[in-house]
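Numbered from 1 within each chain, the chains take letters A, B, ... in sequence-line order.
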Amino acid sequence: MAPDIQAPRGTQDILPDEQPWWDYVRDTAEKLCGEFRYTQIDTPMFEDVALFKRTVGDTTDIVQKEMYVFQDRGDQELALRPEGTAPVCRAYIEHGMHNQPQPVRLFYITPIFRYDRPQAGRYRQHHQFGIEAIGDASPSVDTETIEVLWRLYENLGLTGLTLNLNSIGDAECRPRYLEALRAYYSDKLDRVCRDCQARVERNPLRLLDCKNAECQDAVAGAPALTDYLCEACGDHFSQVRGYVESLGIPHVVNPRLVRGLDYYTRTVYEVQPVEEGGQSTVGAGGRYDGLIEQIGGNPTPGVGFATGIERIILNMKRQNVNLPDAARLAVFVVCASAAARVFAFKLASDLRRAGLSAVVGDSDRSLKAQMRHAGSLQAAYAAIIGDRELEANSVTLKRLADGSQETVPMGDVASRVRP
RNA sequence: GUGGGCGUAGUGUAGUUGGUUAACACGUCAGGUUGUGGCCCUGAAGAUCGCGGGUUCAAGUCCCGUCGCUCACCCCA
């Protein structure tokens, strides 16, 4: 029955049955980060609103209508973290990480909050695994982050993914491009959708990935960003492509690829699964060479990605990816009499100290009921202790898989059970 | 923010053109004689049919509102 108070809209309980998926994704990500020497950082769940307004962008949807903003009792304007990069950069500055060998390689796994309308693969609270390499402008670092992302999916067993790659230029060449784009659209305003009419002023790059049918003609003829890159950006981009190529990571250059956060410069990328559809992007990232400066640090380059764990799991399930076998319960201790209870607890305690999992049955329940319980918990062994066993200081040890059983001294259970 | 579908026990479903004690499966619990699981059999608990209002002699079944879920747009991981 639905309780009076339910989980807030767009949030969900991750129940024990689901946890193996989460463990698997987290473990895989952490192990991979170890290979690349990315180390974990945790930042607060909420930050000064200004952090996101300045970096993500005042005119972006994320800031304008999707942030959970609140005032605390000291009238501080705070926001629940709507993305992971800006807080990490804030921490980089705050803790003087520029004094460490550059780039500083960091990763995080954290909840993200956005006041969106929930939908398949979209939640108000979701979780992202992300990495940031801060302090190195080299295209090889862009590639490194792409490799981590690609390897993550590979290690998880996901297939059929497409890596889209693009460069959106920098502060030098992008304004020139935007100007050209606006000029191009200026005489076509009556032929594009309302959203696009607004985008021309507010967020012109977004014009490029409008999916509206009426806008496709305009999009098709629009000037390509890659034609407007300055020499440095063009160079950078072709090197990134070369490295990605040499790693054998399949990719397509998609000049329409644009990101919804303002801080990106140069390289941007996005990974799409085979299934087409709205909320399909499973991971995305790019370079953000101006971000740190925007929040008061010395000019410092950076690059990174974030990938949505819910969407990863969604795709793993669609593709029938198998999870490693869960560790099963080693021993279920059955109390066949009330007097056995204290010995059952002692046995279970000893087993646990020996590194084996153990659960004790309820001596008020019948032996049969306890055996059933052992079966439904999929225990490897049932250890039965009753009056007979107590007399001999032994237990009846039954292997549930084949029903075989033997009498063993109380102290020998652990060694018998251990595989 | 916009539009479509849906909302019945823990879970998944059935409930004929509105008409008496809301059904089934799985799950849970208890039994199937004397200390033993998985199959099988029996039984029990568990739903004021999301919530609020309305129409009607009568509503799980019709209408309105509301909340939630879901799908698409938008946006994004």
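- Under 4.0 Å is where a charged nitrogen must lie from a carboxylate oxygen, and between Arg353(A) and Asp350(A) no such pair does.
- Between the P atom of G10(B) and the CG atom of Asp17(A) lies a distance of 17 Å, rounded to the nearest Å.
- Rounded to whole Å, the distance from CD on Gln125(A) to C1' on A77(B) is 14 Å.
- Ring-to-base geometry places His126(A) in a stacked arrangement with A77(B) (centre distance under 5.5 Å, plane angle under 30°).
- Pairing partner, A58(B): none, since no Watson-Crick or wobble contact has both distances short of 3.5 Å.
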Taking protein heavy atoms under 4.0 Å as touching, what does nucleotides 65-70 of chain B look like 5' to 3' if B marks base contact, S marks sugar-phosphate-only contact and - marks none? ---SS-
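- G10(B) and A45(B) are spaced 15 Å apart, taking the P atom of each and rounding to whole Å.
- The residue Glu389(A) sits close to a base: some heavy atom pair falls under 4.0 Å.
- Between Arg26(A) and Glu30(A) there is no salt bridge, since no side-chain nitrogen of the basic residue lies less than 4.0 Å from a carboxylate oxygen of the acidic one.
- When heavy atoms are screened at a 4.0 angstrom cut-off, Arg388(A) is found touching base atoms of the nucleic acid.
- Note on Leu261(A): only backbone sugar-phosphate atoms sit closer than 4.0 angstrom, heavy atoms only; bases stay farther off.
- Judged by atom type and distance alone, Lys398(A) reaches the base of G37(B) through a side-chain donor-acceptor pair under 3.5 Å.
- Here, U8(B) and A22(B) have their C1' atoms 8 Å apart, quoted to the whole Å.
- The C1' atoms of C39(B) and U34(B) are separated by 23 Å, rounded to the nearest whole Å.
- If you check every strand for non-hydrogen atoms under 4.0 Å, Gly403(A) touches a base.
- When each of Thr145(A), Thr265(A), Asp170(A), Asp142(A) is paired with Arg287(A), the side-chain hydrogen bond (donor to acceptor under 3.5 Å, both in side chains) condition holds for Asp142(A) and for no other.
- Of the nucleotides present, none pairs with A14(B) by Watson-Crick or G-U wobble criteria with both distances under 3.5 Å.
- Using a cut-off of 4.0 Å between Lys/Arg side-chain N and Asp/Glu carboxylate O, Glu83(A) and Arg114(A) are scored as not salt-bridged.
- Residue contacts shown for Asp61(A) are limited to sugar-phosphate atoms, with no base heavy atom under 4.0 Å away.
- Rounded to a whole Å, the CD atom of Glu83(A) is 12 Å from the P atom of C76(B).
- Within a 6.0 Å radius of OH in Tyr184(A), more than 12 heavy atoms belonging to other residues, nucleotides or ligands are found.
- Taking atom P in both C40(B) and G27(B), the straight-line distance is 9 Å, to the nearest Å.
- Remark: the Gln64(A) side chain and the G1(B) base include no donor-acceptor N/O pair separated by less than 3.5 Å.
- Between the side chain of Arg372(A) and the base of G32(B) there is at least one donor-acceptor pair of N/O atoms closer than 3.5 Å.
- Distances from the side chain of Ser376(A) to the nucleotides U28(B), C76(B), C73(B) place U28(B) closest.
- Counting non-hydrogen atoms under 4.0 angstrom, Glu66(A) reaches the backbone sugars and phosphates but no base.
- Heavy-atom nearest nucleotides on RNA chain B were determined for Ile385(A) and for Ser366(A), and the one closer to the 5' end corresponds to Ser366(A).
- Residues meeting the side chain to side chain contact (heavy atoms under 4.5 Å, CB included) test with Lys368(A), sequence neighbours left out: Ser366(A), Arg372(A).
- In this structure, OH of Tyr264(A) is placed 6 Å from P of A77(B), rounded to the nearest angstrom.
- Between A30(B) and Arg365(A), a contact under 4.0 Å exists linking OP1 or OP2 to a side-chain N or O.
- Applying the Watson-Crick and G-U wobble criteria (two distances, each under 3.5 Å), G38(B) pairs with nothing in any strand.
- Partners of Gln76(A) under the side chain to side chain contact (heavy atoms under 4.5 Å, CB included) rule, at least two apart in sequence or in another chain, are Asp72(A), Leu78(A).
- Note on Ala374(A): nothing from the nucleic acid sits closer than 4.0 angstrom, heavy atoms only.
- When both distances must be under 3.5 Å, the Watson-Crick or G-U wobble mate of A72(B) is U2(B).
- Annotation: C69(B) and U11(B) have their C1' atoms spaced 16 Å apart (nearest Å).
- Listed for the Arg81(A) side chain is no donor-acceptor partner under 3.5 Å among the backbone atoms of Phe113(A).
- Counting to the nearest Å, the C1' atom of U36(B) and the CG atom of Asp402(A) are 14 Å from each other.
- Nucleotide C51(B) has G65(B) as its partner under the Watson-Crick or G-U criteria, with both atom distances under 3.5 Å.
- Using C1' as the reference atom, G60(B) and U21(B) are 16 Å apart when rounded to the nearest Å.
- Put simply, CD on Gln128(A) is 6 Å from P on A77(B), counting in whole angstrom units.
- Here A30(B) presents its C1' atom at 14 Å from CD of Gln370(A), a figure rounded to the nearest Å.
- Across the strands present, A44(B) finds its partner in U28(B); the criterion is a Watson-Crick or G-U wobble pair with both atom distances under 3.5 angstrom.
- With a 6.0 Å radius and a threshold of 12 heavy atoms from other residues, nucleotides or ligands, Glu179(A) has its CD atom at or below the threshold.
- Rounded to whole angstrom, the span from the NZ atom of Lys368(A) across to the P atom of U42(B) amounts to 15 Å.
- With P as the reference atom, G68(B) and A30(B) are 39 Å apart, rounded to whole Å.
- Annotation: A77(B) and G37(B) have their C1' atoms spaced 45 Å apart (nearest Å).
- Here Glu144(A) does not pair with Arg37(A) in a salt bridge; the nearest charged N to carboxylate O distance is not below 4.0 Å.
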